Number of protein chains: 2
Amino acid sequence: MTDRDIRVLVVEDEAIAAEAHAAYLGRLTGFVHAGTVGDGHSALRALATAVTAGQPIDLVLMDMTLPDLHGLDVSRRMRAAGLTTDIIAITAVRELHIVRGAVAAGIVQYLIKPFTYSTFAQKLVQYRDFRLQLGGLSAMTSQTDVDLAFASLRTPTELPRPKGLSEGTLGAVIEFLKLQTVPVSSSEVMEQLGISRVTARRYLEHLADTGSLERSPRYGTPGRPENEYVWRR
Amino acid sequence: MTDRDIRVLVVEDEAIAAEAHAAYLGRLTGFVHAGTVGDGHSALRALATAVTAGQPIDLVLMDMTLPDLHGLDVSRRMRAAGLTTDIIAITAVRELHIVRGAVAAGIVQYLIKPFTYSTFAQKLVQYRDFRLQLGGLSAMTSQTDVDLAFASLRTPTELPRPKGLSEGTLGAVIEFLKLQTVPVSSSEVMEQLGISRVTARRYLEHLADTGSLERSPRYGTPGRPENEYVWRR
DNA sequence: GCGACCGTGACCAATATGACCGCAACAGTG
DNA sequence: CACTGTTGCGGTCATATTGGTCACGGTCGC
């Protein structure tokens with residue numbers, strides 16, 4: 001299913017934005033810019049011809065504010081036409097009230113303008129991972145497997161800093177972890193940074209939950225296994 | 001938006017299962033069982049009349065195997081009719097290949113039969129939280145807010161884990177077993193994962209008891225027969 | 001003085017260890 | 001050939017050990 005690149009159609013009426021999206025796409029591996037259209041009806045036509053040409057679109061980057069139709073209407077018409085193409089919505093802040101309908105229309109991701117390249121890349125990489133995970137779904141039989149696949153689509157990589165964590169300490173912990181080449185335990189973080197083990201764990205766990213850290217138990221010694229952490233990339 | 005109960009329509013052709021779902025619903029606060037239908041066309045009719053009666057359905061628990069239409073078709077027709085009702089799909093294991101289309105049809109959750117009450121409750125509570133979060137979204141303006149709302153809908157559920165077993169170790173053991181093509185013994189798991197034989201056996205036995213693993217004794221060598229385990233697909 | 005953040009210590013949980021038990025293969029004896 | 005003791009290895013259990021977890025209280029800044 002995903003042994004080839006993901007073909008992406010950009011639906012955006014502003015030429016500058018459309019070019020930016022295409023350029024962003026070019027910087028990501030696994031994606032191919034399959035074309036750009038400026039309004040809803042053109043999008044529907046383009047999707048149909050792509051199917052008849054044997055090169056169906058896999059993903060649509062759809063701006064919600066189009067000259068003829070609303071992006072949500074385009075999505076609904078796509079569904080009515082039987083298309084299962086995935087859609088990532090691009091919307092301005094003032095249109096947030098349509099998030100609700102977007103879920104029902106089968107929109108997989110939501111990008112709020114203006115966005116940076118890293119945000120854009122993050123969302124598309126998540127989508128790519130989701131497809132990869134679904135690709136191996138034939139062998140999956142459990143609720144957990146499906147949950148995991150869905151989760152890879154909709155987990156924010158950047159949680160806001162919860163209560164009990166301070167900016168300064170968090171920065172220090174991150175900085176320390178980035179310098180390490182081998183996994184470190186909470187005790188080592190405690191020693192090196194001069195903070196208590198409990199505090200060190202608070203920050204390490206938060207970073208692990210948000211996906212910045214890889215967490216794995218360390219065995220071999222008697223006693224409860226100790227978690228060790230590595231900075232991801 | 002969510003200052004009232006969530007009205008739920010059960011679409012299920014087997015009477016026993018339908019009753020079970022309704023009963024489960026009754027045990028959850030914030031949900032109201034708005035009716036039960038046994039096939040796709042009845043579902044579409046019921047949804048339409050609910051709208052004209054001024055009491056629209058908020059959520060459909062849709063079995064995928066229906067006597068007249070496939071649940072996925074019913075979902076598509078709902079979208080084509082302009083309904084933004086949310087859908088939780090209920091499916092058997094052998095239908096897993098339709099997960100892909102389900103996303104595009106705007107299906108928010110996936111339940112695999114047979115499921116326990118706790119799994120059921122977990123999914124519905126997640127959905128309720130999602131609605132609550134969206135309800136307060138009018139004042140929100142950031143990408144993070146939308147991400148959080150979406151995440152509350154699709155976070156991975158951790159499988160129930162009896163005492164004495166840790167999340168990380170269980171995951172490691174499962175991962176290792178999935179990679180094996182031939183049955184492995186507890187000693188082999190011990191060596192490869194660097195854990196003690198006793199620990200390895202605790203996890204293997206648990207997985208075998210819950211049905212994830214096939215267990216059989218291995219003879220031929222001197223000494224007490226050794227159990228060997230295979231991941232069950 | 002109030003909230004946010006961190007430390008402390010008691011308690012809980014998960015693991016390794018080692019002694020002991022059970023089972024099957026093996027070898028020797030009748 | 002049958003029976004029996006021996007041997008070797010994995011399963012089982014109790015215990016020690018260590019880190020994780022939680023609730024509370026202190027301290028610092030606003």
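Every heavy atom of this structure was used, including side-chain atoms; hydrogens, water molecules and symmetry mates were not. Note that the structure is predicted; figures quoted are calculated from it, not measured. Order of the sequence lines fixes the chain letters, A, B, ..., with proteins taken first and strands second; residue numbering starts at 1 for each chain.
For the pair A/Ser186 and A/Arg201, the tightest heavy-atom approach, listed with the atom from each and the gap, is CB-CG, 3.6 Å.
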### Query
Hey, mind stepping through B/Ser185 and B/Glu228 against side chain to side chain donor-acceptor pair (under 3.5 Å) and telling me if it holds?
CA-CA 4 Å; B/Ser185 69; B/Glu228 57 183 20; over 6 Å; no
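Per the geometry, OH belonging to B/Tyr229 stands 10 Å off C1' belonging to D/dG10, to the nearest Å. Atoms CD1 (B/Ile195) and P (C/dT17) sit 12 Å apart, rounded to a whole Å. One can place CG of A/Leu170 at 13 Å from C1' of C/dC5, the figure rounded to the nearest angstrom. Distance CZ (B/Arg218) to C1' (C/dA25): 16 Å, rounded to an integer number of Å. Whole-Å rounding puts the A/Arg202 CZ to D/dG20 P distance at 14 Å. The distance from atom CG of B/Leu165 to atom P of C/dA16 is 13 Å, rounded to the nearest whole Å. A/Arg224 has its CZ atom 18 Å from the P atom of C/dT17, to the nearest Å. Look at OH on A/Tyr203: it is 17 Å from P on D/dG20, rounded to the nearest Å.
Contact annotation: A/Thr169 side-chain N/O to C/dC5 OP1/OP2 distance is not under 4.0 Å. For the pair B/Thr221 and C/dA24, the criterion of a side-chain N or O lying under 4.0 Å from OP1 or OP2 is not met. Using a 4.0 Å cut-off, some side-chain N or O of B/Lys163 falls inside it from OP1 or OP2 of C/dA13. Between C/dC5 and A/Thr199, no contact under 4.0 Å exists linking OP1 or OP2 to a side-chain N or O. A close approach under 4.0 Å does not occur between any side-chain nitrogen or oxygen of A/Ser196 and OP1 or OP2 of C/dT8.
A donor-acceptor contact under 3.5 Å is formed by the side chain of A/Arg197 with the base of D/dG20.
Within 6.0 Å of the CD1 atom in B/Ile16, the count of heavy atoms belonging to other residues, nucleotides or ligands does not exceed 12.
Contact annotation for A/Ser185: no contact, since no heavy-atom pair falls under 4.0 Å across all strands.
Judged by a 6.0 Å distance limit and a 45° cone about the ring axis, A/Arg128 is not positioned over the six-membered ring of A/Phe31.
Nearest nucleotide to the side chain of A/Ser166, out of D/dG20, C/dC5, D/dG10: C/dC5.
Proximity of the aromatic rings of B/His21 and B/Phe115 is defined here by a centroid distance below 6.0 angstrom, and this criterion is met.
Both B/Val198 and B/Ser187 lie close to DNA chain D; mapped to their nearest nucleotides by heavy-atom distance, the more 5′-ward contact belongs to B/Ser187.
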